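Note sheet for the following structure.
Counting starts at 1 for both ligands and their atoms, in listed order. Predicted model, so just to flag it, every value in this text is computed and none were measured.
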Amino acid sequence: MINYLYQEQNWQKQLNDLIIDPLELLNLLELPKEHLLSGAILASNDFKLRVPRAFVKKMRKGDAHDPLLLQILPHHLELQEHPEFITDPLGEEAANQLPGVLHKYSSRFLLTLTGACAVHCRYCFRRHFPYQENLPKNEDWLNIKAYIEDHPLINEVILSGGDPLTLSNRKLQLWLERIESLPQIKILRIHSRVPIVIPNRVDEELISLLKNSRLRIIVVVHSNHASELDDYTCNKLAALSFEHITVLNQAVFLKGVNDNAQTLINLSHRLFEARVMPYYLHVLDKVKGAQHFDVISSEINHIYQEVLANLPGYLVPKLVREIAGEKNKTPLFGVSTF
Ligand code: SF4
């Protein structure tokens with residue numbers, strides 16, 4: 001049933017009622033089942049389809065090229081081998097210091113509290129990440145605390161994916177209190193796609209939790225196309241900034257989804273309407289199974305040039321690539337090949 005009012009259903013119910021069957025998804029979108037070649041089912045076994053109904057509702061029925069659908073529908077091309085596309089393109093295994101801790105940059109580190117996401121994005125660079133071996137348990141907190149205290153340059157903790165906003169507010173509060181207890185931590189960043197795919201996740205309790213923290217809170221959402229941002233979603237995002245929570249967006253440059261200038265310009269304008277500032281535009285991380293989303297660097301440069309020429313600077317996301325082992329993300333504009 002796709003035509004229910006997703007605005008009225010609480011987020012936990014939506015999270016427990018994800019679409020996981022590709023055939024059900026095609027049926028809801030009035031697409032023929034032949035659209036799924038047999039390899040797509042195999043790809044789905046490898047990295048399951050997961051998509052909230054609220055997100056499916058933003059897709060166009062009968063359009064096999066809908067840019068939201070392309071991001072989440074398993075594809076037979078995911079099974080193709082390519083020497084440059086590997087399981088750990090960002091070298092995260094080497095940065096995995098303790099269960100749940102990824103320390104790549106000097107002033108900040110990532111805490112992955114869950115392996116679960118509300119949606120499975122087919123291009124996700126963590127699609128092969130061994131979350132199960134890496135989730136911190138309550139008793140790991142003392143080790144994490146000691147690690148932070150041993151690294152006095154760390155002043156920011158990033159809760160990252162799996163998606164931290166799939167956790168209950170109670171569990172988030174527990175970790176927030178732990179992090180707040182460390183005087184050296186000034187900023188908490190939350191990387192999440194849930195407010196885009198289940199906007200009701202931005203509930204009163206969450207807002208209250210974040211706005212009452214002593215930490216400066218930054219929520220970094222992930223939206224790749226303006227069609228993801230209907231009025232309801234925009235209002236939910238704006239509700240965070242009305243409470244002085246900084247909201248940024250990161251997008252990924254994806255073939256067939258947003259690989260033209262006008263689409264990216266529309267995305268920036270729509271984000272701004274939602275009081276969200278464009279932050280990063282990532283070149284695709286070369287993860288195994290995502291090669292069909294790759295756009296060649298000369299084309300990216302050409303498109304980005306047009307974006308620069310048509311947006312005020314404050315609406316232009318930084319074009320970057322993450323390179324394993326580097327001390328920061330690498331800015332790319334003006335680099336002829338990358
Ligand atoms: S929500 Fe983020 S972490 Fe989860 S699959 Fe999508 S890109 Fe990956």
Under 3.5 Å donor-acceptor, Arg122 side chain and Ala290 backbone: no
Heavy-atom gap His222 to ligand 1 smaller than 4.0 Å: yes
Proximity of His191 to ligand 1 by residue part, where a heavy atom lies under 4.0 Å: neither
Shortest protein contact, atom 6 (Fe) of ligand 1 (heavy atom only): Cys121 SG, 2.4 Å
Cys117 N/O/S atom closer than 2.8 Å to atom 4 (Fe) of ligand 1: yes
Closest protein heavy atom (residue, atom, distance) for atom 8 (Fe) of ligand 1: Cys124 SG, 2.3 Å
Nearest protein heavy atom with distance in Å, relative to atom 1 (S) of ligand 1: Arg193 CB, 3.7 Å
Pairing of Arg214 and Glu180 as salt bridge, 4.0 angstrom limit: no
Centroid separation Tyr304 to Phe253 less than 6.0 Å: no
N/O donor-acceptor pair under 3.5 Å between Gln80 side chain and His292 backbone: no
Heavy-atom side-chain proximity of Lys104 to Glu92 below 4.5 angstrom: yes
